[in-house]
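Please find one structure pasted underneath; my questions will follow.
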Amino acid sequence: MTRLAEIVRRYPGAIVAVTLLVTAVCAVGLFRLTVDTSQRGFFPEGSPEVEALDRADEAFGGSDYILIAASSDDIFTPHGLQVLKDLTDALQDAEGVSSVMSPANMVEVRSAPWGLDVVEMLGEVPEPDDFDAAADVRRRMSESSMLSGILISEDGDHVLTLVQLGLDVDAGKVGGAVKRLVDDVSAASGLDFAVSGAPILNRSSEEHLIDDALTLLPAATAVIVGVLLLSFRTAAGVLLPLTTVLIGVVWVVGIMGLTGIPVNQISAVLPVVLLSTGSAYGIHMMHRYYEELHFGRPGDARDAGYVPVADGAAPRAVRSVGLAIVMAGVTTVAGFGSNVFSSIARMREFGLLAAMGVACALLISLTFLPAVLVLLERRGARAGVARAAGALGSLGVRPDASAGQRSGRHTATPSPNHNSKALAANRTASEQSSKLLANLGAAVLRRPAVVAVAVALLVAWSAVGLVRLQVDSDFASFFDARSVTRRDFDLIRREFGGVDTVQIIIEGDILEPAVLRAMETASLELQQVPGLGRVFSVVDVVKQVSLALHDNDPAWNRIPDTRDEAAQYLLLASFSGDLGLERMLSLDQTQARIQVMADSTMNAKAGGGTLDQARDIVGRRLAGVPGIDRVDITGLPLLGEAMGKQIVSSQFESLALAAVSVLAIIYLSLGRSWSTALCMAPIALTVLANFGLMGWTGLPVNLVTALVSSIAVGMGIDYSVHVYTRYTQNLAAGAAPRQAMLSTIVYTGQAVVVNAVSVAAGFIVTLTSKFPPVRQFGALISFTMAVSALGALTLLPVLLVAASERSMRKEGQP
Amino acid sequence: MIHISSTPGRLKIASYVLATALLLGAAAMAAAAPTAQEILDSVDVSGLLAGSGRALIELLVEKGKQAKVNRIEVYRYDDGKGTSRQMVEFLSPADVKGTKFLSIVEPGAEDQMWLYLPAVGRERRIAGSSAQGQFMGTDFTFEEISLNRSTWEQYTPSLLADRLVDGVLCHIVKLAPKSSGQSYSSLVLCVSKGDMNPVRIEFYGKGDKLQKVMTLSWDPQVIRLENVAAGSTTTVKVLEYDEGAVPDEVFTLRYLRK
């Protein structure tokens, strides 16, 4: 730190210039930022489910669908049918759309009295006043096995249009275009449509993300300005730490732009996280600077005729408080950084970027900030002693009358601790809080049993909550229950058994009757599983052709007996592209896909039972059947499930990693005593309480809230470290344990409370986020900051004092 | 394509499949600076789907890493007065070998299409509308496989600047639909200035989005249709052709069942 202080003293201009240059370069990156809110980025890379889905996409075209639902009463009128037909046509022409399945364009192979017919089920749209014809269309379609349960809900009340997106298209963009198209049709026709599916959720996420960016950053900045104003009440005190942390934000977000890392739902909160955590370092530095400014060189403050001594105050501040800031920063970096080994790319990315951002804020606070102070000091020095006070004024030491008076008074009765104007202004409040803290400290030390009981109760409460903890990997949870996005999602999920599909990919000799029969049996069983909806596959097409070729004789609603027969049925079916054969069977007929409508929220409620049953059916009915070489089960619900498991495992991994690295850091830097481990006690309590709260309040472990515990470890440890350091210093100065702790609680306690409150205040702005998980994240971080601060001021003192007294007894001291 | 001739009644079997090829035609050769209409007129389409004979054709459909190949044999009779008969028989792959389609078009009578699936063992009449989709499961629609003069008549031609198409200097004719309801918003026809053969046709959909590109080459006779929207390609290759008359008995239900 001495060397760093020396560098700051010698080359302040160079430091400022380099910092500004780097900032300018990074600022370029701000204009290259891209957004990616797709679900795929959340899934563990290289998992079998993702690989199977990629293969399926390649063989059958994209597996992204947009679902558009409308009420049957609206659609089955002459006007409604015309609207649906026009909408279907328009969708088919839309950029990025690969196919559209709607009751308006579905065809069926049908047996006619004179032979075989392939007909559009809708046929001609009825004349505007021919309601009977429209009712007839409704009856025909509701009875059709090709539509009922797929494009017409089981109860017949809703009609669905399925829009398949092409491969390698920007799903969010296509989703936005389709949504606009549907909105236009809706406005022009007066009919309501619900629109959902992964691309629509992507699109909404992007919009919310931009809203968040526009509100969260200014709100967090305002909160930080408020905290800085309360702490310093000076322009420099507000501007310098704020500039420091904003530069850090520009660096990290700029690097994202320059390296092409897109912004997503999680990393969108990065600026807020950095503002709240990173501003602490600048605050520490400024506090110390003001102290140094008034102390001057050792002994100066006690000199009669005190004048503020600016020269070298900033380097001295670096020397004295630098290590403490680095400690606080490094543990926070460890907390964020512990997520870099997560198997979920988005969590890894966030961990890395946040760690980098904190490190940047730390670096800037230790270099740029004091360098600017040095430059300002020199400007003051050049202006001459007479104007020194004026220059200092710009640093926040306003040479106004009251300050002069106060300086004078302080000269008469030197009281170094109260020389800072900012501190003086806060004195009353500070005295009050000191009294509170003194009472707290006394109570805690007098009745450690009360603390023990309170902690035990909290542990018990948390343990019970822990059992109720839920994991949520459902992408829909990123939307408010009352939002249009969620309302549409829920409607389609309810009426059509989900907006996602489970996909079973079969490789082998698909046309072998044994294979087709196995697929048929599996399909029938899958359809019975709660949480799964209609199943469709090439089996349906084969049976449909068989029926049509045999005069609709129900006995022929079956799989043919020979391979050739199946091949010839499918040849016939292939002449009519609208049967959607290419979505079910690969061109070379070696891969088939069974699609099952699935409600992923149902699976979560059934504790994974839905997908377990599906896997079981696939294992029993398809795997090992002669003619089937390989069978995979995949789809968004399975990816979501895999993600849920990964969230839990990475949660524990990163938590353990954060705990171990933080413990190592404090052990190495706090004098290598085993008692440093006691600092982990409030943190352990915090993590437990965090999960307990989540369990009791029903806040699920999701992609965002899973980050909380490791971050809490890295940030919350600071309070324990402050208390521990001050306490050992007091002991070393010869104080008895209880006395040493009481003074620690009174003096350090204030800093701990202020810091916890300001971090919590910074995070609380996320409560205005459009993403529920982000709001939960902010609330939980605020909660953990409160618990870890309280733990550091109650539990830790009791433990430390007990440990000291025990070791004293061992050593035979009274 | 395949030996287009302006003489009615002569064999033009392959032309059935390679319809567009007929654009070129033997008729009028280009004047020094022909108009769009003159270029269009110079492409003889009078014999499209007319003519008689036999052709052996390979249909290759490719999408991504996948491919399927069918071989078909086509027999055709056309009297040039509105009566045409056509038999398509699948030769491979083995599981569909023997599958046949017979279609009979006679003036004043309803079109008849018959299907025979050997595995089912009997013929079924199928509706004309069954054949409205893709031609034999390829990327070609029936409209595309049978582009003809009446197709052009629904569009207004205009001449664009000459350009090189696959190394061949071409007249470029843009065809804009005369009325709404056409499958395409425009077609761009590239006709070689050298021999007045069409070498490429681009099909544009709504918003002038390129949907399909048809490339034609003559030796060997190959038409390649790239379906831009679907990401697949169909290549039609004429392996053999024979302009000899086809016996009437080929176009009967008895032959269909054979």
Side-chain angles (χ1 to χ4, degrees), chain A residues 57-62 89-90 92-99 107 109-120 123 166-168 509 511 545-546 548-551 556 560-579 581-582 586-591, chain B residues 59-70 72 88 90 93-101 110 112-142 185 205-207 209 211 227-234:
Chain A
D57 277 358
E58 198 183 309
F60 304 104
D89 289 346
Q92 236 146 8
D93 290 329
E95 190 83 38
V97 169
S98 139
S99 71
V107 297
V109 184
R110 179 190 283 181
S111 173
W114 46 266
L116 197 65
D117 202 0
V118 177
V119 290
E120 274 203 353
L167 213 49
D168 301 326
D509 192 357
L511 303 188
V545 174
S546 172
L549 277 171
H550 297 90
D551 307 316
W556 285 94
D561 293 329
T562 67
R563 193 185 181 291
D564 286 359
E565 219 171 324
Q568 289 162 27
Y569 289 4
L570 289 173
L571 179 69
L572 176 61
S574 77
F575 297 162
S576 176
D578 293 337
L579 285 175
L581 200 56
E582 69 281 3
S586 69
L587 207 53
D588 56 10
Q589 301 181 334
T590 59
Q591 287 186 73
Chain B
L59 303 172
L60 167 67
V61 183
E62 293 167 290
K63 185 168 186 178
K65 292 175 189 161
Q66 300 178 24
K68 79 166 177 186
V69 187
N70 285 126
I72 58 174
V88 175
F90 278 77
D95 52 19
V96 296
K97 185 171 161 53
T99 301
K100 293 178 198 149
F101 283 91
E110 200 182 339
Q112 291 188 52
M113 281 185 79
W114 294 84
L115 163 74
Y116 177 78
L117 299 180
V120 179
R122 61 180 174 135
E123 78 282 356
R124 300 285 308 184
R125 186 169 170 193
I126 61 175
S129 59
S130 316
Q132 275 174 355
Q134 289 151 289
F135 170 73
M136 302 288 147
T138 66
D139 287 299
F140 285 86
T141 63
F142 271 84
S185 70
K206 276 186 192 151
K209 196 166 74 170
Q211 290 191 327
N227 189 339
V228 179
S232 53
T233 304
T234 297

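Just so we're on the same page: letters track the sequence lines, and every chain starts at 1. We use all heavy atoms of the structure for the numbers below, so side chains are in, but hydrogens, waters and symmetry mates are not.
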Counting only non-hydrogen atoms closer than 4.5 Å, does A:Ala94 touch chain B with its backbone (N, CA, C, O), its side chain (CB onward), both, or neither?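 The backbone, not the side chain.
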Part of A:Leu570 within contact of chain B (heavy atom distance under 4.5 Å):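 Neither part.
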Do side-chain atoms of A:Gln568 reach the backbone of B:Asp95 as a donor and acceptor pair under 3.5 angstrom? yes
Which distance, rounded to the nearest 0.5 Å, do you find between the CG of A:Asp564 and the CG of A:Leu571? 11.5 Å
So what's closer than 4.5 Å to chain B heavy atoms on A:Gln591: side chain, backbone, both or neither? side chain
Show the nearest heavy-atom pair for residues B:Phe101 and B:Met113, with the distance to one decimal.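 It is CD2-CE, 4.5 Å.
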Between the side chain of B:Asp139 and the main-chain N/O of B:Thr234, is any donor-acceptor distance below 3.5 Å? yes
B:Lys63 portion near chain A, given a 4.5 angstrom heavy-atom threshold: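 Both parts, backbone and side chain.
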To the nearest 0.5 Å, atom CG of A:Leu587 lies from atom OG of A:Ser574 at 9.5 Å
Which one wins on heavy-atom pair count under 4.5 Å against chain A: B:Gln66, B:Lys97, B:Glu62?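 So the answer, after comparing B:Gln66, B:Lys97, B:Glu62, is B:Gln66.
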Please report the closest heavy-atom contact between A:Pro560 and A:Tyr569, naming both atoms and the distance. CG-CE2, 3.9 Å
Could you tell me which portion of A:Ala566 (side chain, backbone, both or neither) has an atom closer than 4.5 angstrom to a non-hydrogen atom of chain B? neither
Toward chain A, the part of B:Pro93 with a non-hydrogen atom under 4.5 Å: neither
If we count only N and O atoms by modelled type, under 3.5 Å, do the side chains of A:Asp588 and A:Ser586 hold a donor and an acceptor together? yes
In terms of heavy-atom pairs under 4.5 Å with chain B, which of A:Leu549, A:Asp561, A:Thr562 leads?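 Option with the greatest count: A:Leu549.
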Selection from B:Gly205, B:Ala94, B:Gly98, B:Pro118 maximising heavy-atom pairs under 4.5 Å formed with chain A: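 Most pairs with chain A among the choices: B:Pro118.
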Relative to chain A, which segment of B:Glu123 carries a heavy atom at a distance below 4.5 Å: side chain, backbone, both, or neither?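 Neither part, no heavy atoms under 4.5 Å.
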